[in-house]
Trainee: 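Sharing a structure with you now.
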Amino acid sequence: MRSQGDVTTGEPTAIQFPLPLAWPDDARDVEFLVTDSNRRAVQVLQQWHDWPVRTALLVGPAGSGRSLLAQVFAAQSGGRVIDDADEGDERALFHAWNDAQATRTPLLLVAAAAAPAWSVALPDLRTRLAASPVAEIGAPDEALVRALLERGFARRRLDARDDLIDWLVPRLPRRHQAVAQMLDGLEQAALSGRRRVTIPLARDLLASLFGTTEDPTNA
């Protein structure tokens, strides 16, 4: 797996459309694609030595790769990860937060959202979470949508031409799960009906899944 550009500065390579970056290189091909939509979250985790406390929150929507990024963080830092922390026992999280400070071992709490969207009843935990840095994965930008489509087609061994990807990128809703739904739908249609993966097929599926074939950036 090859990185393009620089994760820290965000400078793209000299191409027309900035390619996402891959961090880190790994022989097992564990890959987390980085663009402007999630670059800040990656930087926060890379700079764990500089956290004001030993605990941070990684938040992002379902399908955004937050669990994968957490695994990469754990491998790089030797830290502990608690996934779906917003659904966990608050007293257990409170003790885990305190233990991270006592042992100086970084702790990453993975959740769909940070407080106050994540309602915390235990006052002492709420105070500690408020002091913790937050790494937030945003909605995918066009660069990430394009990269996810290209990688998804390649891994599914689907023959998708560049014009199909060019057509899909501005029309897919800016949600990670929307990209996954489109890839799954195209694969199923291609396998069940032995249909070529084309713009007409994608147009039908887009209308079926999301009710539109227009540019949904304002949706």
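Residue numbers start at 1 and run along the sequence shown.
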Trainee: Taking the side chain as every heavy atom from C-beta outward, state whether Leu129 and Trp118 have any atom pair closer than 4.5 Å.
Mentor: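 Yes, their side chains come closer than 4.5 Å.
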Trainee: Are side-chain heavy atoms of Trp97 and Ser132 found at a separation under 4.5 Å?
Mentor: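 SC-SC contact between Trp97 and Ser132 confirmed.
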Trainee: Quick one, Leu164 and Thr198 - any side-chain contact, counting heavy atoms below 4.5 Å?
Mentor: no
Trainee: When you look at Asp184 and Arg156, which way does the salt bridge (charged side-chain N to carboxylate O under 4.0 Å, His left out) test go after all the steps?
Mentor: CA-CA 9 Å; Asp184 290 344; Arg156 289 167 170 79; 2.7 Å; yes
Trainee: Measure the shortest side-chain to side-chain distance between Pro61 and Arg175 over non-hydrogen atoms and say whether it is less than 4.5 angstrom.
Mentor: no
Trainee: Is it possible for you to say whether Leu209 and Phe153 belong to one hydrophobic cluster, with membership spreading through side-chain heavy-atom contacts below 4.5 Å?
Mentor: yes
Trainee: Could you tell me whether the side chain of Arg128 and the main chain of Asp124 form a donor-acceptor pair under 3.5 Å?
Mentor: yes
Trainee: Where is the tightest heavy-atom contact between Phe210 and Met182, given as atom of each residue plus distance?
Mentor: CE1-CE, 4.4 Å
Trainee: How long is the span from the CD1 atom in Ile82 to the CG atom in Leu58, to the nearest 0.5 Å?
Mentor: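 Between Ile82 CD1 and Leu58 CG, I get 13.0 Å after rounding to 0.5 Å.
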Trainee: Do the side chains of Phe94 and Leu109 join up, straight or via other hydrophobic residues, at under 4.5 Å, putting them in one cluster?
Mentor: yes
Trainee: Which heavy atom in Ala100 sits nearest to a heavy atom in Leu107, and how many Å separate them?
Mentor: CB-CB, 3.7 Å
Trainee: At their closest point, which heavy atom of Glu136 faces which heavy atom of Ala41, and how far apart are they?
Mentor: O-CB, 3.6 Å
Trainee: Is there a path of hydrophobic side-chain contacts, each under 4.5 Å between heavy atoms of I, L, V, M, F, W or Y residues, that connects Leu45 with Val134?
Mentor: no
Trainee: So, do Pro173 and Val179 sit near enough that their side-chain heavy atoms are less than 4.5 Å apart?
Mentor: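 Result no, sub-4.5 Å side-chain heavy-atom pair not found.
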Trainee: Does any N or O in the side chain of Arg126 come within less than 3.5 Å of the main-chain N or O of Val120, such that one atom is a donor and the other an acceptor?
Mentor: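 Side chain of Arg126 to backbone of Val120: a pair is present.
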Trainee: Students often mix this up, so state it plainly: with edges at 30° and 60°, are the rings of Trp51 and Phe73 parallel, tilted or perpendicular?
Mentor: parallel
Trainee: Salt-bridge test for Arg174 and Asp141: reply yes if a basic N is under 4.0 Å from a carboxylate O, no otherwise.
Mentor: no
Trainee: Please say yes or no: joined through hydrophobic side-chain contacts below 4.5 Å, possibly via intermediate residues, are Ile137 and Val59 part of one cluster?
Mentor: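 No, Ile137 and Val59 fall in different hydrophobic clusters.
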Trainee: For a side chain to side chain contact (heavy atoms under 4.5 Å, CB included) check, start with the C-alpha distance between Arg196 and Leu201, then their side-chain angles and the critical distance, and finish with the verdict.
Mentor: CA-CA 8 Å; Arg196 288 187 56 228; Leu201 175 58; over 6 Å; no
Trainee: Is the side chain of Asn98 donor-acceptor paired with the backbone N or O of His95 at a distance under 3.5 Å, no angle test?
Mentor: no
Trainee: Output yes when Asp166 and Arg146 qualify as a salt bridge under the 4.0 Å nitrogen-oxygen rule, no when they do not.
Mentor: yes
Trainee: Taking all atoms of both residues into account, what is the closest heavy-atom pair of Leu144 and Pro140, and its distance?
Mentor: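 Minimum heavy-atom separation between Leu144 and Pro140: CD2-CB, 3.8 Å.
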